[in-house]
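This report refers to the structure that appears directly beneath it.
Proteins come first, then strands; the chains are lettered A, B, ... in the order of their sequence lines, and each starts at number 1. In this text the structure is predicted, and so the values were computed from the model without any measurement.
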Amino acid sequence: MTVREPGERRTEATVLLLFGLTGACGLGLLVVYALGGQPQVEGVLLFGALGGLGAGIVLWGQRLMPTRVHIEPREPVGGGPEAVAGLQEPLAEEAGFSRRRLLILGLGGALASLAAALAIPVFSLGPAPGRSLFVTAWRAGRRLAPEGGPPVRADEVPIGSVLTVFPDGDDSDPNAATLLIHVGDRPGQAPTPDQFLAFSKICTHAGCPVGLYREQDHVLICPCHQSEFDVLHGAQPLSGPAVRPLPPLPFRLEADGTFTALGDFPEPVGPSFWDMKL
Amino acid sequence: MSARPGPASGALRWFDDRTGLAPVVRAGLRKVFPDHWSFLLGEIALFCFVILILTGIFLTFFYVPSAAPVSYEGPYAPMHGREVSAAYESVLRISFETKAGLLMRQIHHWTALLFVAVIVLHLSRVFFTGAFRRPRELNWLMGFTLLALAMALGFTGYSLPDDLLSGTGARIAYSAALSIPFVGPWLAFLGFGGEIPTEAFLARFYVLHIMLLPGLVIALIGAHIGLVVLQKHTQYKGGPAREDNVVGRAFWPGQAFLSTGLFFLTAAIAALLGGLFQINPIWLFGPFDAAIVSSPAQPDWYVGWRDGALRIFPPFEPTVLGSTIPAAFIPGIVIPGAVFTAVALWPFIEAALTGDREPHHLLDRIWEHPGRTATGVAILAFFSVLTLAGGNDVLAFSFGFELEFLTNAFRWLALLLPPVAWIVTWRLCRARLREGERRGPPAAGRAVRRRPDGGFEEVGE
């Protein structure tokens with residue numbers, strides 16, 4: 001490549017220009033960084049620096065280097081039956097496995113028991129499921145309260161609104177999250193117990209919080225997979241992939257306007273699991 | 001070797017005296033790379049991984065994998081005084097206080113999306129050209145495992161900022177694990193350290209994300225490329241290419257320059273995306289709170305299909321012999337597992353179906369094997385429908401459809417589009433094959449090159 005064609009010289013100039021772009025952008029990055037930094041400018045300058053370098057190198061390799069086509073022979077990957085036989089020979093000769101059936105059995109047993117023993121630490125990874133999927137922090141007598149707040153009173157929940165509540169003074173169990181819904185349709189009247197409903201907030205499909213409430217037809221919607229639950233009919237699923245209704249929280253409206261749980265949910269909250277009915 | 005003084009002969013001599021590897025390196029420099037753009041997809045995936053490692057190391061210096069509550073006192077005013085996890089706070093610090101931190105974070109996230117996308121393209125190329133056939137079945141399996149690992153890396157990384165969306169994603173994964181009959185509750189509890197949300201899972205995902213999974217990926221990439229070197233590249237038909245040779249350019253200098261340049265170009269694209277296009281603005285989502293979720297809630301693109309499957313699978317929760325088959329089990333575990341297993345075992349399935357167990361080094365054109373191409377298109381169609389279904393709420397909102405109508409439409413599409421795509425593709429391939437037969441084989445298939453004096457010469461030999 002001693003003869004320089006005009007096209008080649010042009011390419012050379014372009015490559016040089018691209019490398020120059022890299023240098024300029026690199027210096028620019030230094031300046032931007034020293035001035036305190038700005039993500040967008042940094043991104044564009046980094047693009048210029050890396051892009052100039054990459055384009056320059058590609059152009060150099062593609063246009064200025066010999067494009068000789070190489071042809072390399074390809075032998076079969078494997079060495080054929082002889083190679084396999086050659087491998088089997090030392091294996092059979094030096095191990096003599098077939099004559100030690102009993103020892104092989106013993107070794108297998110030893111390895112299996114060791115493996116079983118070494119599997120024990122796996123169970124340190126988490127607690128046994130036990131009954132924990134069946135219960136939440138709700139107990140009879142616990143009052144309904146917003147996260148970290150004092151017990152909620154009926155007149156603090158306007159008609160058509162939804163409040164996420166936990167057992168009063170104990171929001172340690174996220175699976176106790178409950179939706180308190182005021183569905184009353186007689187504005188101006190004193191609240192009555194049947195105007196309030198409470199359901200688990202954990203979707204029975206995949207465990208997302210059921211975060212959306214469509215007030216006009218009293219439907220709860222899970223934003224993850226769009227299961228809809230009919231609040232006025234025991235939170236039965238209307239559409240979407242959920243099968244089980246949201247479990248209702250048994251509660252009582254007290255004379256002072258607060259709400260008291262009468263116990264835990266009657267069935268497991270959240271997504272189903274295989275032995276939930278056993 | 002040659003005694004004539006060449007470039008850097010002193011250093012090379014020193015090297016060879018101590019390793020004896022000079023002939024091996026020489027062979028490496030002469031390794032032949034067939035020249036086709038589609039062979040570069042795997043390289044781009046590798047480059048994405050390198051960029052992920054580099055930006056990821058930067059991020060590990062600042063990230064705190066802890067759910068411990070702290071009060072946010074940083075410069076982002078709307079979050080002032082709020083109780084957030086140390087993990088979330090550290091990601092806000094990376095975004096707003098660490099110099100170039102936001103850029104690094106966004107490059108990392110964008111590159112993760114590109115990484116999976118390029119792997120899928122590479123896998124599609126290998127699939128549709130039949131490059132997985134004997135003797136490359138092992139490399140297909142390794143490549144497939146790399147795709148699974150890349151998705152696992154993306155998912156674990158997505159969960160680390162401990163923001164509202166990432167917590168929801170982890171929760172859905174937990175529910176899918178929980179849904180497995182018999183072992184589900186144990187699996188979910190051991191994997192996440194108890195009933196979600198747990199404090200343990202951030203630290204676990206962190207170790208998986210920065211150590212275990214990347215370690216596996218590095219080992220597998222090594223084996224993946226090592227096998228390519230041992231078996232040599234496949235190549236397209238035409239020109240002097242035959243089953244018993246490899247035609248292309250040598251590694252040094254042609255391919256080395258092309259690949260190095262391509263690395264920087266990949267990094268440049270990642271930098272542009274990371275600099276200009278906001279991604280995962282966790283300060284807008286807020287910290288994780290088990291009782292809250294944002295709407296719309298969409299995961300990263302490569303998990304969207306599983307979300308779509310969960311959305312459109314009809315409500316179905318039978319009780320078999322007293323044990324519940326949870327609603328999330330079939331769409332969340334069985335269907336993805338079945339399709340992925342079929343893809344992983346495809347080299348063996350195809351060999352069993354066609355009876356073709358011969359070694360192949362020349363690639364098929366896409367129409368030459370209608371059954372394979374149709375199957376690949378059908379699988380891609382299935383995943384595309386599911387991915388779109390994963391955004392059905394956004395589509396419904398954007399285009400004014402009823403959500404229920406869309407969900408039903410996607411149900412039918414998921415059932416009907418794959419077989420329709422299969423038949424259409426098969427017929428198109430058959431038509432192209434017949435046309436090829438009518439025309440006869442292409443004329444000799446020799447490549448020519450124009451000489452500087454205007455004449456032509458044959459390439460190769």
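Of the N and O atoms on the side chains of B:S323 and A:K277, not one donor lies less than 3.5 Å from an acceptor on the other residue. For the 3.5 Å distance criterion, the side chains of B:E195 and A:N175 qualify, holding a donor opposite an acceptor.
A:V41 does not touch chain B: none of its heavy atoms, backbone or side chain, sits under 4.5 Å away. Of the two parts of A:E147, only the side chain, counted from C-beta on, holds a non-hydrogen atom closer than 4.5 Å to a non-hydrogen atom of chain B. When heavy atoms are compared at a cutoff of 4.5 Å, A:I202 approaches chain B solely by way of its side chain, counted from C-beta outward.
Taken to the nearest 0.5 Å, the CE atom of A:M65 stands 6.5 Å off from the CH2 atom of B:W252.
Distance alone, capped at 3.5 Å, places no donor-acceptor pair between the B:R171 side chain and the A:C208 backbone. Remark: the backbone N or O of B:H233 is paired with a side-chain donor or acceptor of A:R74 at under 3.5 angstrom.
Taking B:P181, B:A256, B:A328, B:A200 one by one and counting their heavy-atom pairs under 4.5 Å with chain A, the maximum is reached by B:P181. Most heavy-atom pairs under 4.5 Å with chain B: of the set A:G61, A:S124, A:S132, this distinction falls to A:S132.
Ring planes of B:F182 and A:W274: tilted class, angle from 30 to 60°.
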Do A:Q226 and B:T407 pass the side chain to side chain donor-acceptor pair (under 3.5 Å) test, and can you show the C-alpha distance, the side-chain angles, and the key distance before you say yes or no? CA-CA 10 Å; A:Q226 285 84 43; B:T407 301; over 6 Å; no
